[in-house]
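Structure record follows, encoded as structure tokens.
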Amino acid sequence: MMATCGTAVTLALISGRWKMNILWQLLEGKMRYSDLRNSISNISERMLVMQLREMEKDNLVVRTVYPEVPPRVEYELTELGLSMEPMLKSIEDWGNEYRKKIV
């Protein structure tokens, strides 16, 4: 990551159309891949996989594959990912205030 300030690093980690939605869903706890996909309207399978892989690479999400037939895959936030909760809630609060003033 080539970002030079904390804000740029943070924005690089959460940028992408679906990352905020994925993070928000995973704040509730561990989720099976299919439940996560079904909880986010209009996300394609390809995009969900891509965004999850990026967040896994950035140590925000951990992927667990259970050796079952069919395989069960679950995702959950790492400790680092969980530490984003106050920031995500602040962003949500700001967005709600903005919406009240603009709409």
OH (Tyr33) and CG (Asn38) are apart, to the nearest 0.5 Å, by 9.5 Å
Would you kindly confirm whether Val69 and Val73 end up in one hydrophobic cluster when ILVMFWY residues are joined by side chain heavy atoms under 4.5 Å apart?
no
Rounded to the nearest 0.5 Å, how far does CD1 of Ile91 lie from CH2 of Trp24?
9.0 Å
What's the separation between atom CG in Leu26 and atom CE in Met84, rounded to the nearest 0.5 Å?
12.0 Å
Starting at CZ of Arg17, measure out to CG of Asn42 and round the result to the nearest 0.5 Å.
7.0 Å
Check whether any side-chain heavy atom of Leu77 lies under 4.5 Å from a side-chain heavy atom of Glu85, and answer yes or no.
no
Nearest atoms (heavy-atom pairs only) where Met31 meets Ser39:
CE-OG, 3.9 Å
In plain terms, say whether Lys89 and Glu92 are close enough for a salt bridge, that is, a side-chain N and a carboxylate O under 4.0 Å apart.
no
Out of curiosity, Ile22 CD1 to Glu54 CD, how far, rounded to the nearest 0.5 Å?
9.0 Å
Would Val61 end up clustered with Leu88 when hydrophobic side chains under 4.5 Å apart are linked, directly or stepwise?
yes
So for atom OH, which belongs to Tyr98, do other residues, nucleotides or ligands contribute more than 12 heavy atoms lying within a distance under 6.0 Å?
no
Do Ile14 and Val62 share a hydrophobic cluster, counting only Ile, Leu, Val, Met, Phe, Trp and Tyr and linking them when any side-chain heavy atoms are less than 4.5 Å apart?
no
To the closest 0.5 Å, what do you measure between CD1 (Ile43) and CG (Leu36)?
7.5 Å
Mark yes when over 12 heavy atoms from residues, nucleotides or ligands other than Arg53 sit less than 6.0 Å from its CZ; otherwise mark no.
no
Hey, are the side chains of Asp35 and Gln25 touching, using non-hydrogen atoms and a 4.5 Å cut-off?
no
If you take all heavy atoms of Trp18 and Gln51, which pair is closest and at what distance?
N-OE1, 3.5 Å
Tell me whether Met50 is reachable from Val65 by hopping between hydrophobic residues (I, L, V, M, F, W, Y) whose side-chain heavy atoms are closer than 4.5 Å.
yes
Could you tell me which non-hydrogen atom of Asp58 sits nearest to which non-hydrogen atom of Leu80, and how far apart they are?
O-CD2, 4.3 Å
Sub-4.5 Å side-chain heavy-atom contact between Leu52 and Arg63:
no
Around atom CD of Glu79, are there more than 12 heavy atoms of other residues, nucleotides or ligands at under 6.0 Å?
no
